[in-house]
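My structure is below; once you've seen it, I'll send some questions.
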Amino acid sequence: MTCLSLPLGETYNLEVTNNRLPIYKEDYTFTIGIHKLLSEWSSGIYIVRVVSNHETKRIKIIKQ
């Protein structure tokens, strides 16, 4: 599991790509909890990009 820490109420953009093609994009406001992705997606390599006012993170996920 990969975790990111954001201040409560922080807005952020979440984008997931597969082979450089965007497959999911959404804007959120951070609240307490866990954001789960990929449960219904097929096996493969995904890049999750999280952009907030404080930082941008890229996370590589391999789903088997």
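For this chain, numbers begin at 1 and follow the sequence in order. Heavy atoms only: backbone and side chains are in, while hydrogens, waters and symmetry mates are out.
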Trp41 versus Tyr24: any side-chain heavy-atom pair under 4.5 Å?
-> yes
Would Val51 and Ile23 show up in the same hydrophobic cluster when neighbours are defined by side-chain heavy atoms closer than 4.5 Å?
-> no
Would you please test Val48 and Leu14 for side chain to side chain contact (heavy atoms under 4.5 Å, CB included) and show each step?
-> CA-CA 7 Å; Val48 178; Leu14 185 67; 3.6 Å; yes
Going from NZ on Lys60 to CD1 on Ile45, what distance comes out if it is rounded to the nearest 0.5 angstrom?
-> 5.0 Å
Do Tyr46 and Ile59 share a hydrophobic cluster (ILVMFWY, side-chain heavy atoms under 4.5 Å, transitive)?
-> yes
Group every Ile, Leu, Val, Met, Phe, Trp and Tyr by side-chain heavy-atom contacts under 4.5 Å, then state whether Ile61 and Tyr28 land in the same group.
->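 Ile61 and Tyr28: one cluster.
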Shortest non-hydrogen contact from Ser52 to Glu10?
-> CB-OE2, 3.5 Å
Atom CD1 of Ile47 and atom CZ of Arg49: how far apart are they, to the nearest 0.5 Å?
-> 12.0 Å
Across all chains, not counting sequence neighbours, the side chain to side chain donor-acceptor pair (under 3.5 Å) partners of Asn53 are none
